[in-house]
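Scroll down for the structure; my scribbles are underneath it.
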Amino acid sequence: ALPISRANTLQDAVRQSDIVQARAAVQQNSNDLAQLMVNLADTRIIAPASGLVLKKYKEPTEIVQSATTGFSDAQSIVATLGDRLLVRVGINEVDISKVRLGAPVTIHVDALSGRTLTGHVISIAPASTSAFPDSTGAGGAGGSAIAKFSVKVAFDRADPRLRPGMSAAVDILSAQRRRVILAPLEAVLFAGNAGTVTVLTPVGRQEKRKVTLGLRNDTSVEVRSGLRAGEHLVVPEAAGRRKLDIGPGNND
């Protein structure tokens, strides 16, 4: 009886070893199945938002190997045209501090001649486009000397004729004054928030006058004091001599 018990004990040990091996095999099969499910999910590209696919770089049944460079990073991104079109514009570092979220914007698209669209600022980049050089050498010391910040503008009401890649000019309203005196920039000798202009008197004499300045844009500057509507300014010789009428208007 003792030899039989010892034999049974050895067989039990063998059975336990078989059970452990079987459990390990089940776990391995489970892991393999999980990896196959991940691989299956990776064969589908799901867009994060609704839209229209603008271009496909691979066709169904084509194989894309993992961690390979079969096509460029730019091509690997599926571009979509969603429900909300945006305009992206680069703002000079001198002017970026004047731009605020929600600021109203007027948009002129070259392809829609004579049509003025409206929008508002929805995003202001925290860093300039040249802050981080890319692999091509753009940005940083090798890029433009003028730092620009990317600003995104959303249309308040998009025109169905708009298409990605169209050129547009935008005017971002940073501040507004109503019924102010405007003077052309070329007629003013600036000194901070003040300046000097040459006024042509009714008798034809030229008179130097100090003025206090306010808001300005690319062509005009607000004159808070020192001039009256209807007076004439003389442009310095460097800018070409001619008379300039000044008067009330809006300076945005």
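In this chain, numbering begins with 1 at the start of the sequence shown.
Between the CG atom in Leu213 and the CG atom in Leu227 there is a gap of 9.0 Å [rounded to 0.5 Å]. For the atom pair CG of Leu182 and CZ of Arg216, the computed distance is 12.5 Å after rounding to the nearest 0.5 Å. With rounding to the nearest 0.5 angstrom, the CD1 atom of Ile124 is 12.5 Å from the NZ atom of Lys152. Thr212 OG1 to Arg224 CZ: the interatomic distance, rounded to the nearest 0.5 Å, is 8.5 Å. From Ser97, atom OG reaches atom CD1 of Ile91 across 11.0 Å, with rounding to the nearest 0.5 Å. The distance from the CD1 atom of Ile181 to the OG atom of Ser220 is 12.0 Å, given to the nearest 0.5 Å.
Contact of the Leu233 side chain with the Val199 side chain is registered, since non-hydrogen atoms from C-beta on lie closer than 4.5 Å. Side-chain contact between Leu117 and Leu162 is present, with at least one heavy-atom pair separated by less than 4.5 Å. Residues Leu86 and Ile122 meet the side-chain proximity criterion, which asks for heavy atoms closer than 4.5 Å. By the 4.5 Å heavy-atom criterion applied to side chains, Leu200 and Gln206 are counted as neighbours. Asp110 places none of its side-chain heavy atoms less than 4.5 Å from the side chain of Met166.
The environment of Asn193 atom CG is sparse: at most 12 non-hydrogen atoms of other residues, nucleotides or ligands sit within 6.0 angstrom.
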Exercise for the section: Would you please test Arg88 and Val151 for side chain to side chain contact (heavy atoms under 4.5 Å, CB included) and show each step? Expected result: CA-CA 6 Å; Arg88 181 174 295 176; Val151 173; over 6 Å; no
Exercise for the section: Kindly determine whether Phe149 and Val99 satisfy side chain to side chain contact (heavy atoms under 4.5 Å, CB included), including the steps that lead there. Expected result: CA-CA 11 Å; Phe149 293 76; Val99 180; over 6 Å; no
Practice task
For the pair Thr118 and Arg157, evaluate side chain to side chain contact (heavy atoms under 4.5 Å, CB included) and give the outcome as yes or no after the intermediate values.
Solution key: CA-CA 7 Å; Thr118 61; Arg157 186 176 181 181; over 6 Å; no
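Nearest heavy atoms, Val197 versus Ala187: CG1-O, 3.6 Å. Of all heavy-atom pairs between Thr196 and Lys210, the closest is OG1-NZ, 4.2 Å. Closest approach of Val87 to Val170, counting heavy atoms only: CG1-CG1, 3.9 Å. Closest approach of Val188 to Ala183, counting heavy atoms only: CG2-CB, 4.2 Å. Here the closest non-hydrogen pair linking Leu173 and Ala103 is O-CB, 3.7 Å. Nearest heavy-atom pair, Val180 versus Arg177, reported as atom, atom and distance to 0.1 Å: CG1-CB, 3.5 Å.
No single ILVMFWY cluster, assembled from side-chain heavy atoms under 4.5 Å apart, contains both Val94 and Val121. Grouping the Ile, Leu, Val, Met, Phe, Trp and Tyr side chains by contacts below 4.5 angstrom, directly or via other members, places Val235 apart from Leu189. Clustering ILVMFWY residues whenever any of their side-chain heavy atoms sit less than 4.5 angstrom apart, transitively, puts Ile19 in a cluster other than the one holding Val26.
In this structure Asp171 satisfies the side chain to side chain donor-acceptor pair (under 3.5 Å) test with no other residue, sequence neighbours excluded. For Thr198, the side chain to side chain donor-acceptor pair (under 3.5 Å) criterion is met by Lys208, not counting sequence neighbours.
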With a 3.5 Å cut-off and sequence neighbours excluded, list the donor-acceptor pairs that the side chains of residues 27-39 form with protein atoms.
from	atom 1	to	atom 2	distance (Å)
Gln27	NE2	Asn31	OD1	3.1
Gln28	NE2	Asp32	OD1	2.9
Asn29	ND2	Ala25	O	3.2
Asn31	ND2	Gln27	O	3.4
Gln35	NE2	Asn39	OD1	3.0
Asn39	ND2	Gln35	O	3.4

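Panel note: side chain Arg205, backbone Pro202; no donor-acceptor pair is recorded below 3.5 Å. Checked by atom type and distance alone, the side chain of Arg209 pairs as donor or acceptor with a backbone atom of Gly226 at under 3.5 Å.
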